Amino acid sequence: MSSTQFPPFTSTNLNSTEEIKQFHASAIKTGSFRRLSSRLLTLYSNPKLGNLEYARSVFDRISKPSSLCWNTIIKCYVENNYSQEALVLFCQLLHQSLVLPDNFTYPCVLKGCGRLNAIEEGKQIHGLTLKCGFGGDIYVQSTLVSFYSKCGEMDLARTVFDRMSSKDIVSWNCLINGYVGSGDIGTARELFDEMPEQDLFSWTALIDGYSRFLDAVNVFKAMLKEDVKPNDSTLVSAMSAISGLGLLENGIWIHSYMDKNKYEYNGVLGTSLIDMYSKCGGIESALSIFHAISRKKLGHWSAIIVGMGMHGMAKETLELFEEMKRVGMRPHGITFIGVLNACSHTGEVNQGLHYFQQMVNEYRIAPTIEHYGCAVDLLCRAGRLEEAKNVIDKMPMKPNEIIWMSLLSGCRNHGNIDLGEYAAKRVIELDPMATGCYVLLSNIYAAAGLWDKVSELRKVMKAEGLAKDPGRSSIEHGGMVHNFIVGDRAHPQTKDIYSKLNDMKKRLHAAGYKPDTTQVLLCLEEKDKEAELAYHSERLAIAFGLINNETGKPIRVVKNLRVCNDCHVVTKLLSEIYSCEIIVRDNRRFHHFKNGLCSCRDYW
DNA sequence: ATAGGGTTAG
């Protein structure tokens with residue numbers, strides 16, 4: 001819109017900082033600053049512009065700020081994530097100003113309290129709203145619901161909500177969001193069904209709440225059926241669920257929906273798409289999305305670097321990382337997570353350590369516990385266990401169970417009993433219910449033939465009520481997700497699957513396969529151990545994939561645990577025997593099996 | 001003289 005259509009002094013269309021500054025300058029020149037100060041303050045306070053300093057300087061030049069001015073500057077601080085300062089201003093408003101807070105003020109400060117998790121301050125302000133007669137204001141009440149929710153006080157949020165004499169869609173959404181945030185998706189769902197009508201926020205909240213489950217995708221589809229048009233946030237939530245589950249077919253579907261409806265990928269949607277394709281095993285698609293984005297932002301670069309790292313493409317990852325720096329993009333902490341992981345997955349230990357140093361020294365990024373986790377992982381995978389232990393001992397924060405699990409896992413892979421026991425003790429101190437830890441330790445004992453120690457561990461697990469987390473694998477076919485657990489016989493095609501497994505077994509043995517039973521947890525006869533391996537969940541999924549794969553497309557399996565050594569050997573052979581590419585996502589990375597080889601080059 | 005400023009994803 002051209003500015004000539006609107007006289008500068010009355011224009012409401014000043015959208016850029018530059019335009020506002022011109023307006024500001026002319027207001028001073030013509031002596032109309034006093035008259036326009038409140039308008040200027042509002043313009044500078046636009047949260048999209050981030051002009052907090054200008055807004056404040058205008059506010060400070062207003063001699064007797066009206067409640068409108070107070071409200072605007074307080075909101076500006078909240079929106080720019082300086083809620084602490086917003087509360088300071090609110091106190092000044094209470095004690096030092098000529099005007100009193102009004103019904104517009106309270107929602108702003110309460111929002112600030114929510115952001116700060118300032119439960120006590122919020123409760124006091126809640127009291128004030130009642131005292132000042134704003135207890136029945138729907139905006140104040142909804143913000144209170146939201147505030148208590150953010151502070152984890154669902155009972156209080158519910159009480160405020162139940163006491164509201166009239167509720168609108170926003171009040172319901174605030175409460176639903178609260179239950180979603182507290183992880184109570186059941187109650188969130190009940191409220192969603194109970195509310196008089198749902199809007200985009202309600203749907204998005206529900207999709208968000210189902211994040212790690214297939215329901216998220218189904219709710220998204222139901223929403224489209226109701227002709228509610230998703231916005232960026234909805235799509236991000238839906239894609240995040242798809243990524244978590246690794247549902248490539250669904251991912252392609254949502255992408256084509258977005259294409260058809262002309263969504264823009266230059267912002268957060270591009271990042272989500274890259275992330276989604278990477279995590280669903282479509283790294284080529286992730287790359288083409290990335291390359292098609294004309295003005296690549298930090299999020300896009302980081303997403304593709306993290307994604308390629310997961311696929312073990314260390315060389316390409318590092319090349320892109322160097323290119324990113326060359327074009328003047330400054331990496332942040334998450335980018336380095338991707339870089340370190342890439343090095344870890346291919347065993348580029350020294351290069352990884354070099355990048356860790358670069359992050360600290362050149363980019364002045366303080367390593368988080370996740371970065372130390374990467375460094376420990378890097379060393380552990382390579383068998384440099386003592387060095388890893390050294391990193392743990394010297395890191396500035398208390399190591400968490402993830403870090404000790406990395407060490408333990410390294411000890412399993414490199415057969416270090418003493419350090420393994422030490423790491424396992426640390427894990428159990430932090431998380432007594434850590435099943436995976438018992439399993440890894442058992443693996444160490446089993447590999448060393450210490451069967452009495454294995455059975456001792458099993459007794460402890462039994463006494464503690466710990467069951468081994470069963471291996472689960474899923475595969476998409478014909479618009480459905482098929483899930484398998486070890487020794488599963490629940491699938492409608494079970495008969496075919498087991499006869500395929502039999503066929504696989506024969507052909508594997510003919511190809512010279514010898515089962516590797518060293519990682520079987522149970523103290524069983526050699527024959528029974530082999531049987532245990534033969535029904536690992538990914539083999540059921542692969543058998544299912546082979547039966548139903550007429551198209552010659554890769555078979556894509558998503559697993560909840562790490563691939564065991566034996567399954568890894570088997571999957572390599574199967575890719576050759578059946579001339580079929582098999583792509584497995586385990587809980588850490590991707591394995592692309594083709595022609596008898598795996599992309600991880602047996603290092604994982 | 002009058003309008004303007006508020007609540008739900010980040």
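Numbers restart at 1 for each chain; the letters A, B, ... are given by sequence-line order, proteins then strands. The figures here come from the full heavy-atom set of this structure, side chains too, leaving out hydrogens, waters and symmetry mates. This structure is a prediction, so every number in the text was calculated from the model and none was measured.
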The correct set of residues in residues 85-103 of chain A placing a heavy atom under 4.0 Å from DNA chain B is Asp102(A), Asn103(A)
Pair Arg56(A) + Glu53(A): basic N to acidic O under 4.0 Å = no
Just checking Thr234(A): base, sugar-phosphate only, or nothing, at a heavy-atom cut-off of under 4.0 Å?
-> nothing
With sugar-phosphate meaning primed atoms plus P, OP1 and OP2, does Lys150(A) contact a base, only sugar-phosphate, or nothing at under 4.0 Å between heavy atoms?
-> sugar-phosphate
Got a sec, which residues hit ring pair (Phe, Tyr, Trp, His ring centres under 6.0 Å) with Tyr363(A), two or more places apart in sequence or on another chain?
-> Phe336(A)
Do Phe356(A) and Tyr372(A) have ring centres separated by under 6.0 Å?
-> yes
Applying ring pair (Phe, Tyr, Trp, His ring centres under 6.0 Å), name anything that partners Tyr210(A), two or more places apart in sequence or on another chain.
-> none
Closest heavy-atom pair and its distance - Asn71(A), Phe104(A) | ND2-CB, 3.4 Å
Which nucleotide of DNA chain B is the first, and which the last, in the 5' to 3' direction, to come under 4.0 Å of a heavy atom belonging to chain A?
-> dG4(B) to dA9(B)
List for me each residue that meets salt bridge (Lys or Arg N to Asp or Glu O under 4.0 Å) alongside Asp227(A), sequence neighbours excluded, and say none if there are none.
-> none
Tell me what Ser233(A) touches on the nucleic acid: a base, only sugar-phosphate, or nothing, going by heavy atoms under 4.0 Å.
-> base
Ser66(A) near the nucleic acid: base, sugar-phosphate alone, or nothing, with a heavy-atom cut-off under 4.0 Å?
-> nothing
Between Leu200(A) and Met223(A), is a side-chain contact (heavy atoms from CB on, under 4.5 Å) present by the stated rule, with each step listed?
-> CA-CA 9 Å; Leu200(A) 183 58; Met223(A) 186 191 93; 4.2 Å; yes
Sugar-phosphate, base or nothing in reach of Thr143(A), heavy atoms under 4.0 Å | sugar-phosphate
Scan residues 80-90 of chain A for pairs that pass side chain to side chain donor-acceptor pair (under 3.5 Å), counting only residues two or more places apart or in two chains.
-> Asn81(A)-Arg115(A)
Under 4.0 angstrom, heavy atoms only, what part of the nucleic acid is Asn177(A) near: base, sugar-phosphate, or nothing?
-> sugar-phosphate
